[in-house]
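For reference, the structure is listed below as structure tokens.
Since we're looking at a predicted model, the values are computed, not measured. Quick note on labels: first sequence line is chain A, next is B, and so on, each numbered from 1.
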2 protein chains.
Amino acid sequence: MDLFVSKYLNKIDKKGRVSLPSSFRNVLPKANRNEIILYKSIKTPSIEGCGVGRLKEIAKRINNLDFFSEDYDDFSTSIFSEIITTNIDKEGRFLIPEELKLYAGIKTEAAFFGQGHYFQIWEPKKGLKNTEDSRRRLLKEKKSLRMMLTQQK
Amino acid sequence: MDLFVSKYLNKIDKKGRVSLPSSFRNVLPKANRNEIILYKSIKTPSIEGCGVGRLKEIAKRINNLDFFSEDYDDFSTSIFSEIITTNIDKEGRFLIPEELKLYAGIKTEAAFFGQGHYFQIWEPKKGLKNTEDSRRRLLKEKKSLRMMLTQQK
DNA sequence: TGGGATTATATGGGCGTCAATGGGTATGTT
DNA sequence: AACATACCCATTGACGCCCATATAATCCCA
């Protein structure tokens, strides 16, 4: 599987280390399996992360915005200048930068949520609430969620 | 046959393992025959499952949404983080995650129901009742059932 | 075509490996 | 020296792999 899926709850130890879930590590390209990039989510108080390869994809998305719009500047500033690369140690753990922990309100535990081509890291309770809220929004449009899940090839 | 059909009743052993019915295993693509994805059914207290290929389809569809829209996040949260991948061992068994067992009320036995491109896993009694209910609903609309059964491809 | 032999499936259990976690120590930067 | 970070080693529990058995299905040949 080459997608970030499922959710995991991991502890942050005294040294600030936390394990990147094993299944997430396997999604990272073998070449750069000891490095991930992290940045503040634009829309939620959470941290987003992915392998270094994904950066290009993000760049492309931003490039598709209207170059002269305010959004363009806002997104490119918010994302590119805020990106942090982090190393993963031999045991599969990494350090969450202090600034990002503050932004997400993370203290002793980190909840990892697969999002396909990237993942999110939440303070556990906030993460749970976000899942519920987002599901509630979608169920208002039952049809579209069902379509997404059951549509035939 | 490349569809999930028929129904089966299998036991869950002490370790929590349960056999995926042989005919279901044969539906999985040879490439990823040792992995399935599971998620909570939207409409019923049951678990739905399928091969990973289907997930990639869904990923593609979500990826085509507007990257910066709220829908994009809602879909990817509700789908990717709720999906659980499970490995199938050499004997064709897999583990049903605790959270999903709770959701479906499954304890010692699991009833598998083929649904074409995917399958459902039910607590046996609930599954039986669901079958009866849905048949009853169909018969109420005989006309549509007849159409369904007689219509040629 | 009957009946034994072979194969497949569902199920049980032992055991090694890996993932998550904790802690000591070396190395390095300021 | 003081702090941060990476490497090494240890522990625990979960999971995957291997082997084994019973029942069911299939095959094969006289």
Item to check | A:Phe94 CZ to A:Leu38 CG distance, which is reported to the nearest 0.5 Å | outcome: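 Between atom CZ of A:Phe94 and atom CG of A:Leu38 there are 5.5 Å.
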Checklist entry - Salt-bridged, A:Lys40 to A:Glu99, with N to O below 4.0 Å? => result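 A salt bridge links A:Lys40 with A:Glu99.
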Nearest-angstrom distance from the residue atom [atom1] of [X] to [atom2] of [N]:
X: B:Asp13; N: D:dG16; atom1: CG; atom2: P; value: 12 Å
X: B:Arg17; N: C:dT11; atom1: CZ; atom2: P; value: 11 Å
X: A:Ile88; N: D:dT5; atom1: CD1; atom2: P; value: 16 Å
X: A:Lys14; N: D:dT5; atom1: NZ; atom2: C1'; value: 17 Å
X: A:Asn87; N: D:dC7; atom1: CG; atom2: C1'; value: 13 Å
X: A:Asp89; N: C:dG23; atom1: CG; atom2: P; value: 16 Å
X: A:Glu35; N: D:dT5; atom1: CD; atom2: P; value: 16 Å
X: B:Ile12; N: D:dC15; atom1: CD1; atom2: C1'; value: 16 Å

Checklist entry - With a 3.5 Å cut-off and just heavy-atom distances, do the side chain of A:Lys15 and the base of C:dG24 make a donor-acceptor pair? => result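 Yes, a donor-acceptor pair under 3.5 Å.
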Next on the checklist: Under 3.5 Å, is there any donor-acceptor pair linking the side chain of A:Glu91 to the base of C:dC18?
Outcome noted: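 Side chain to base: no pair below 3.5 Å.
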Are [X] and [N] close enough that a side-chain N or O sits under 4.0 Å from OP1 or OP2?
X: B:Asn10; N: C:dT11; result: yes
X: B:Lys11; N: C:dA10; result: no
X: A:Ser19; N: C:dA19; result: no
X: B:Lys90; N: D:dC18; result: yes
X: B:Arg93; N: D:dC18; result: no

Item to check | Close side-chain approach of B:Lys126 to B:Lys129, heavy-atom, < 4.5 Å | outcome: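 When only atoms from C-beta onward are counted, B:Lys129 and B:Lys126 do not touch, as no gap falls below 4.5 Å.
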Item to check | Angle of first-five versus last-five pair axes in the helix from C:dT1-D:dA30 to C:dT30-D:dA1, to 10 degrees | outcome: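 The helix from C:dT1-D:dA30 to C:dT30-D:dA1 shows an end-to-end axis angle of 50°.
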Next on the checklist: Whether the A:Gln115 and B:Thr77 side chains hold a donor-acceptor pair (N or O, under 3.5 Å, no angle test) is what I'd like checked.
Outcome noted: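 Checked: A:Gln115/B:Thr77 side chains pair up, N/O donor to acceptor below 3.5 Å.
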Checklist entry - Is there a donor in the side chain of A:Tyr8 and an acceptor in the side chain of A:Ser23, or the other way round, less than 3.5 Å apart? => result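 A donor-acceptor contact under 3.5 Å links the two side chains.
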Checklist entry - Just wondering, more than 12 heavy atoms not from B:Lys7 lying within 6.0 Å of its NZ? => result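 Check fails, neighbour count at 12 or below.
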Checklist entry - Would you say B:Asp2's side chain and B:Val27's backbone share a donor-acceptor pair under 3.5 angstrom? => result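 No, B:Asp2 side chain to B:Val27 backbone: no donor-acceptor pair under 3.5 Å.
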